[in-house]
Every structure is written in structure tokens, then in C-alpha cells.
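First up is the structure itself, then whatever we jot down about it.
Side chains included, hydrogens not; waters and symmetry mates left out as well; all remaining heavy atoms used.
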Amino acid sequence: MPLPHLNPSDLDALGITTQAACDAVETVIRAADAGRAASAPKSMLTRPDGRYMMATMATLDAPPLLVVKTMLQNPAGPAEGHRYIDGIVTVLDAASGRPLALVDGPWLTAHRTAAVSGVAARRLAPPDARILTILGAGVQAASHLAAMAALFPLREVRIVGRTPGNAARLAVTARALGLSASILPDPQEAIEGADIVVSAMSRDTAPTARIDPRWLAPGSFAALPDLGHHWMRAHLGALAPLIVDDTAQEQAQPEPSRLVPDPGPTGDLSDLVRGRIDTGAPDRASGLVFRGHATGDLALAWLVLQRAGLCG
């Protein structure tokens, strides 16, 4: 029997909502906390021509699943007729090793990343959030727009994008959701006064950090799925709480590569979900800065296989 290969149209047809994706991430976080799931730190390679390669691996005990994601980001890809980011997610039976399915890597990554941001936002962002600022206008920007619009009563979206065509398309998407949308050239203008800020800029867009966390409004929430490359690391301490997706993964990184400078993050996503972090700081902005973690890939892959009838 051929191995199922789920492409983006197959995956869209499953009708997975933001709420379901966020719930799946929380379920796997709780399973890992209880010892019923495990993951390895993300592995990364870079090449002199700008290519960025990564792999994640995570497993669940019941049902027994092993999820391995391999991805490539190549700035030269589009000029050669390829996707800027491409890759595949392989799902195996963790008891027998039998392959169960292949899942489109960019689709799963976009929805997983937005779901991880959503898990944090459900606890840290203002429940009545009206203004969303998105830095970047690519795939992650679009997935986060859809997720935040599903979770909060948004009215306005501010977009800062380096590619006019992408920014215009994202604005059209926002208006189709019933939101007002503006494209702004100045990140500071876009961030000040926003309730939620999502930073989803690609690694190659800016060589120097220029986004100041102190621009964030008190009580607002910032999701930095781009590893915070474009933010002033020295001022990330202005965010409280400031969490990462996984503390163990960060501690496995050499000090210069860690996302949060000393004294480090308040905790991680598991601490937040399990109620081990105080979220009551109305006079401070809060934030999640993350590099991507295998538990999120596991959660979305499991949800996809359930919806597709490929596992229990």
C-alpha cells in the first residue's frame, strides 16, 4: 500500500482550527511533562551561501508515534523555481518503526508555529486585544494573522513588510477577515500601542538588530517566532514574563546562540501551560521568543493523522 503523502491542499481539507491546533500543542506539552512524550533538541546547519538546514525529532507513547521533520531554507530558492522553505515531516509507528505518513513540511511548520504563539497568547495577551502588528509578510505572517484573528476580537492589523507585494496580499487577507489593515514603513510606529505583536521576519532580511522591545505597550504581548534576530537582545529584559519554547533546548545551545541573554528567560512554554509562571504584570509587556521545538511538530502531526484517519 502506498505511503500517504499529505500535501497542502490535503491538509487544508482537514479543517484544523486554531483552537484545535493550540489544544493539541498543550496536550503534547502535558504529555511530555508527565513523561509520556519526549523530544531531542533542534539540530541546525548553515552553509556559506546562506542555506539554513534543520531537523527535529519527538515521540509520543500512546499512540506510539515518532515524528521527524527535516527542513531547508534557501534564499536563492525562489530564483531557481523552488520554495524559499521546503521540507518533509516523516511519521513512524514508534513501536514497530513502520512509516505511517509523509506530511508537507512548510504547511505543518506554519500551523505549528502559529499554534505555539497562540498557546502563549491565550495566557499572556489582553483577552480583548484589538490591534495586531505583524513584522514580516510571508508564510508565518499569514499563519499568525489567521491564528490571532481566530483567538481574539481583533479590529486592526498593522503590517511592516520588506516586499510590497507580500505586504499588500497580507492586507487583502486581513480585510477579508473583516479587519482594517495598513502597511507601515516604520516598525516603531507599527508596534507602539499594539496589543499583540508578531515578529516573523526571515533570517536574511536585516543584518543588525533594530527592533526595541521598549516600544511595546504595557500589558501587550509579543511573539517572536523568528528567534528575535531583529530585536535588541540587550533590552529583552523589558519583557516580563519572557519565555522560550523549551528551556532544555536553550541550555543545550552555546551561550552566544541562546535567545535570551543572562539572567535568561522567566521559563518556558511548559511552565506557562502548567501554571508555574506568574502572568500578572499589567505594567509590563510579555513575550515568547522561540526557535521551534519538536513537541509542536509532534502535536500537529498527531492531529493531522487523527483527522486523516491514519492513527487513533
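- For V119 against R123, the heavy-atom pair with the smallest separation is O-NH1, 3.5 Å.
- A continuous path of hydrophobic side-chain contacts links L298 to I16 [ILVMFWY only; heavy atoms under 4.5 Å].
- Considering every non-hydrogen atom in both A114 and S143, the closest pair reads CB-O, 3.6 Å.
- Using a 4.5 Å cut-off on side-chain heavy atoms (C-beta onward), L239 and W231 make no contact.
- Linking ILVMFWY residues whenever their side-chain heavy atoms come closer than 4.5 Å, directly or via other members, leaves V139 and L227 in distinct clusters.
- V103 is not connected to L72 by any chain of hydrophobic side-chain contacts under 4.5 Å among Ile, Leu, Val, Met, Phe, Trp and Tyr, and they are in different clusters.
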Practice task
Quick one: do H230 and S199 satisfy side-chain hydrogen bond (donor to acceptor under 3.5 Å, both in side chains)? Show the steps, please.
Solution key: CA-CA 8 Å; H230 310 282; S199 175; over 6 Å; no

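- With values rounded to the nearest 0.5 angstrom, E26 atom CD is found 6.5 Å from I29 atom CD1.
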Practice task
Starting from the C-alpha separation in whole Å, work towards a yes-or-no answer on salt bridge (Lys or Arg N to Asp or Glu O under 4.0 Å) for D49 and R47.
Solution key: CA-CA 5 Å; D49 59 4; R47 303 304 299 149; 6.0 Å; no

Exercise for the section: Check step by step if salt bridge (Lys or Arg N to Asp or Glu O under 4.0 Å) holds for K42 and D245. Expected result: CA-CA 12 Å; K42 181 178 180 179; D245 44 358; over 6 Å; no

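- Using a 4.5 Å cut-off on side-chain heavy atoms (C-beta onward), V67 and W302 make no contact.
- Cluster partners of M57 are L66, V68, L92, counting Ile, Leu, Val, Met, Phe, Trp and Tyr whose side-chain heavy atoms approach within less than 4.5 Å, directly or via other members.
- Applying the side chain to side chain contact (heavy atoms under 4.5 Å, CB included) rule to L177 yields the partners L145, A149, L179; only residues at least two apart in sequence or on another chain are considered.
- Counting all heavy atoms, side chain and backbone alike, A125 lies closest to F152 at CB-CZ, 3.7 Å.
- Considering only heavy atoms from C-beta on, L216 comes within 4.5 Å of I191 through its side chain.
- Ion pairing between R130 and D195 fails under the 4.0 Å rule for side-chain N and carboxylate O.
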Problem - Audit row: R122, Q19, side-chain hydrogen bond (donor to acceptor under 3.5 Å, both in side chains) steps and yes/no - result: CA-CA 10 Å; R122 292 199 293 192; Q19 294 284 3; 2.8 Å; yes

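- Between the side chain of S180 and the main chain of R155, a donor-acceptor pair closer than 3.5 Å is present.
- Note: L305 CG to L300 CG = 11.5 Å, rounded to the nearest 0.5 Å.
- Heavy-atom minimum distance, P153 versus P127: CD-O, 3.4 Å.
- The only option from T109, T90, T56 that meets the side-chain hydrogen bond (donor to acceptor under 3.5 Å, both in side chains) definition with K69 turns out to be T109.
- Residues L135 and I131 are members of separate hydrophobic clusters, defined by side-chain heavy-atom contacts under 4.5 angstrom among Ile, Leu, Val, Met, Phe, Trp and Tyr.
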Exercise for the section: Take Q249 and S39 through the side chain to side chain contact (heavy atoms under 4.5 Å, CB included) test and state the conclusion after the steps. Expected result: CA-CA 10 Å; Q249 178 171 264; S39 61; over 6 Å; no

Exercise for the section: Go through the steps to decide whether R36 and D61 satisfy the test salt bridge (Lys or Arg N to Asp or Glu O under 4.0 Å), and finish with yes or no. Expected result: CA-CA 5 Å; R36 299 191 301 272; D61 291 344; over 6 Å; no

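- Between L124 and P241, the closest side-chain pair of non-hydrogen atoms falls below 4.5 Å.
- Test H82, R51, M53 against N74 for side-chain contact (heavy atoms from CB on, under 4.5 Å) and you get one pass: R51.
- Using a 4.5 Å heavy-atom cutoff, the side chains of R276 and D33 are in contact.
- Using a 4.5 Å cut-off on side-chain heavy atoms (C-beta onward), T113 and H144 make contact.
- Note: L288 CG to F221 CZ = 5.0 Å, rounded to the nearest 0.5 Å.
- In this structure T266 satisfies the side chain to side chain donor-acceptor pair (under 3.5 Å) test with no other residue, sequence neighbours excluded.
- Considering all non-hydrogen atoms of both residues, G292 and R112 come closest at CA-NH1, 3.7 Å.
- At least one donor-acceptor pair under 3.5 Å links the side chain of R158 to the backbone N or O of A190.
- Atom CZ of R83 is surrounded by more than 12 heavy atoms from other residues, nucleotides or ligands within 6.0 Å.
- A continuous path of ILVMFWY side-chain contacts below 4.5 Å connects L14 to L65, so both sit in one hydrophobic cluster.
- The CD atom of Q140 sits 8.0 Å away from atom OG of S117, with the distance rounded to the nearest 0.5 Å.
- Counting heavy atoms from C-beta on, the side chains of D246 and T295 never come closer than 4.5 Å.
- Within the model, atoms CE of M71 and CD1 of I88 stand 9.5 Å from one another, a figure rounded to the nearest 0.5 Å.
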Problem - Step-by-step side chain to side chain contact (heavy atoms under 4.5 Å, CB included) determination, W215 to T133 - result: CA-CA 12 Å; W215 297 339; T133 289; over 6 Å; no

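- Here I159 contributes atom CD1 and T173 contributes atom OG1; the two are 8.0 Å apart, rounded to the nearest 0.5 Å.
- In this structure a side-chain-to-backbone donor-acceptor pair under 3.5 Å is present from D226 to G228.
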Problem - Chi angles and distances behind the side chain to side chain contact (heavy atoms under 4.5 Å, CB included) call for I243, D268 - result: CA-CA 5 Å; I243 64 172; D268 62 15; 5.5 Å; no

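- Judged by distance alone, the side chain of D271 and the main-chain N or O of I277 form no donor-acceptor pair under 3.5 Å.
- Contact detail for R258 and Q253: the closest heavy-atom pair is NE-O, 3.1 Å.
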Problem - side chain to side chain contact (heavy atoms under 4.5 Å, CB included) assessment of R291 paired with M54 - result: CA-CA 11 Å; R291 67 178 70 246; M54 55 74 58; over 6 Å; no

